[in-house]
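Please read the structure below before turning to the comments.
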Amino acid sequence: MTTLDDILNAPAPASAWILAQDCQETGLNPDDIRAEMLRRIREMRASIERGLQSDAKSITGMVGWNAKGLWDAPDVLGAPLLKRVQAYAMAVNEENARMGRIVAAPTAGSAGTIPGALIGVADHLGLEDERLVAPMILAAGIGKAISKRMFISGAAGGCQAEIGSSAAMAAAAVVELLGGTPRAAVHAASLALMNTIGLVCDPVGGYVEVPCVSRNAFYAVHAVSAAQLALAQLESFIPPDEVLGAMASVGRMMPAALRETADGGLAQTPTGLAVTARMEGRDKEGPGGMIELPLA
């Protein structure tokens with residue numbers, strides 16, 4: 001079983017080592033794998049482009065205009081990379097909410113994080129899609145290592161398992177894109193993971209829309225931040241595989257109400273319950289399921 005530590009100690013570039021391992025396991029031709037990865041990158045880009053051009057609402061009406069609204073808005077912070085990464089990520093997830101074609105990476109709910117971070121950084125730097133193939137292979141290897149130790153579905157381990165995994169994959173990919181070492185790539189993944197531990201999965205009405213669309217925007221930026229830290233030779237104090245073990249442990253401890261059931265968190269706010277009732281054709285319901293904490 002490939003671990004994060006194996007990737008960390010692999011010869012550079014890490015993607016080449018992962019590709020060789022995968023070909024040995026599957027018997028596939030490396031050129032075929034590269035071609036398929038490029039096809040998926042182009043599918044990601046197509047979903048970004050459609051998402052940035054559309055303000056059509058999702059089925060529930062909760063999302064659909066966010067990516068285009070941000071993309072068309074003035075860059076008030078003077079931070080074009082930040083804006084691009086956020087808009088790209090939301091574009092993909094709003095396409096998903098409109099039942100458009102996307103690439104799950106590793107899940108549909110977290111599909112915007114990798115294209116937001118990786119394609120966003122590449123476009124910011126003027127790099128061609130062919131340059132993204134090797135980083136995407138590394139991202140896949142990181143995702144595979146994570147999946148062998150813990151869950152990658154919100155239903156099994158909370159949103160930390162979905163968006164945490166995608167942020168880790170994206171962070172490692174950005175590091176390789178920018179010429180970082182395998183060690184830096186894995187520590188970027190670890191930094192991204194450790195800062196998502198405990199994140200709950202609480203989709204309003206059970207739909208992958210709120211908070212999922214904006215969450216991908218936030219964690220695409222999170223991935224780029226982790227990559228920047230690692231490229232500056234900052235490392236995770238806790239070894240990467242121990243971080244992964246901690247996340248898996250937290251996922252097992254997480255109550256079912258916080259694991260994609262819509263029985264807790266934002267889904268159980270008055271507005272969340274009203275949306276659920278409307279989508280199910282029932283009258284508006286009152287608050288339920290929320291614990292009222294006394295004020296200090």
Could you walk me through whether I238 and S190 pass the side-chain contact (heavy atoms from CB on, under 4.5 Å) test, one step at a time?
CA-CA 8 Å; I238 305 298; S190 180; over 6 Å; no
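- Checked options T113, T107, T196, N216; the residue passing with E162 is T107 (criterion: side-chain hydrogen bond (donor to acceptor under 3.5 Å, both in side chains)).
- A donor-acceptor pair under 3.5 Å links the side-chain atoms of T261 to the main chain of A256, judged by distance alone.
- Residues M44 and M37 are members of one and the same hydrophobic cluster, defined by side-chain heavy-atom contacts under 4.5 angstrom among Ile, Leu, Val, Met, Phe, Trp and Tyr.
- Shown here for I197 and A246, the closest heavy-atom pair between the two residues is CD1-CB, 4.2 Å.
- In the hydrophobic clustering of ILVMFWY residues, with side-chain heavy atoms under 4.5 Å counting as a link, M150 and V186 come out together.
- No continuous path of ILVMFWY side-chain contacts below 4.5 Å connects I163 to I114, so the two sit in separate hydrophobic clusters.
- A donor-acceptor contact shorter than 3.5 Å is absent between the side chain of D22 and the backbone of I18.
- Under a 3.5 Å cut-off, the side chain of T276 and the backbone N or O of G272 do form a donor-acceptor pair.
- Rounded to the nearest 0.5 Å, atoms CZ (F151) and CD (Q160) are 8.5 Å apart.
- You'll find the side chain of L138 reaches within 4.5 Å of the side chain of I7, heavy atoms only.
- The closest side-chain heavy-atom distance from N96 to E209 is not below 4.5 Å.
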Going through the checks in order, is the side-chain hydrogen bond (donor to acceptor under 3.5 Å, both in side chains) test met by R84 and Y88?
CA-CA 6 Å; R84 183 183 296 275; Y88 280 19; 2.7 Å; yes
Step-by-step side-chain contact (heavy atoms from CB on, under 4.5 Å) determination, I119 to L132:
CA-CA 8 Å; I119 298 179; L132 307 183; 3.9 Å; yes
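- The two residues M90 and A67 have their closest heavy-atom pair at C-CB, 3.8 Å.
- Linking Ile, Leu, Val, Met, Phe, Trp and Tyr residues whenever their side-chain heavy atoms come within less than 4.5 Å places L127 and I48 in a single cluster.
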For residues 225-233, which side-chain donor-acceptor pairs fall under 3.5 Å, sequence neighbours excluded?
residue : atom : partner : partner atom : Å
S225    : OG   : V221    : O            : 3.1

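- The shortest side-chain heavy-atom distance between R98 and K57 does not fall under the 4.5 Å cut-off.
- Distance alone, capped at 3.5 Å, is enough to place a donor-acceptor pair between the Q268 side chain and the A262 backbone.
- Side-chain contact between M194 and F237: absent, with no pair of heavy atoms (C-beta onward) separated by less than 4.5 Å.
- With contacts defined as side-chain heavy-atom distances shorter than 4.5 Å, the pair S165/I152 qualifies.
- Linking Ile, Leu, Val, Met, Phe, Trp and Tyr whenever their side-chain heavy atoms come within less than 4.5 Å puts L8 and L177 in one cluster.
- Under the 4.5 Å side-chain criterion, counting only non-hydrogen atoms from C-beta, H187 is in contact with S236.
- Nearest heavy-atom pair across S58 and M62 is OG-N, 3.6 Å.
- Screening residues 133-150 for side chain to side chain donor-acceptor pair (under 3.5 Å) gives E25-K144 as the qualifying pairs, with residues at least two apart or on separate chains.
- Side-chain contact between Q86 and L70 is present, with at least one heavy-atom pair separated by less than 4.5 Å.
- Between A104 and A111, the shortest heavy-atom contact is CA-CB, 4.3 Å.
- Heavy atoms of other residues, nucleotides or ligands lying less than 6.0 angstrom from CG of L125 number more than 12.
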One pair to check against salt bridge (charged side-chain N to carboxylate O under 4.0 Å, His left out): E130 and R42. What are the steps and the verdict?
CA-CA 10 Å; E130 286 76 10; R42 287 172 174 164; 2.9 Å; yes
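- Around CZ of R40, the count of heavy atoms belonging to other residues, nucleotides or ligands within 6.0 Å does not exceed 12.
- Minimum interatomic distance between K83 and W71 (heavy atoms only, all atoms of both residues): NZ-O, 3.3 Å.
- Classification of R101 and E95 as a salt-bridged pair fails, no side-chain N sitting under 4.0 Å from a carboxylate O.
- Side chain of D241 to backbone of L4: a donor-acceptor contact under 3.5 angstrom is found.
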Could you go through the salt bridge (charged side-chain N to carboxylate O under 4.0 Å, His left out) check for K68 and E94 one step at a time?
CA-CA 10 Å; K68 185 176 188 300; E94 289 192 316; over 6 Å; no
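- Formation of a donor-acceptor pair under 3.5 Å by the H222 side chain with backbone atoms of A192 is found in this model.
- Checked by atom type and distance alone, the side chain of D202 never pairs as donor or acceptor with a backbone atom of A267 at under 3.5 Å.
- Looking only at distances, no side-chain donor or acceptor of S54 sits under 3.5 Å from a matching main-chain atom of G51.
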Yes or no on side-chain hydrogen bond (donor to acceptor under 3.5 Å, both in side chains) for E176 and S15, after CA distance, side-chain angles and deciding distance?
CA-CA 8 Å; E176 173 137 332; S15 58; 2.3 Å; yes
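- Note on D123 versus R45: salt bridge recorded, some NZ/NE/NH1/NH2 to OD/OE distance being below 4.0 Å.
- Contact check for R34 versus P30: side-chain heavy atoms found under the 4.5 Å cut-off.
- R39 and E36 are joined by a salt bridge, as a carboxylate oxygen and a charged side-chain nitrogen come within less than 4.0 angstrom of each other.
- Nearest approach of V208 to A97, heavy atoms of both residues: O-CB, 4.4 Å.
- Interatomic distance, SG of C159 versus CE of M254, reported as 9.0 Å (0.5 Å rounding).
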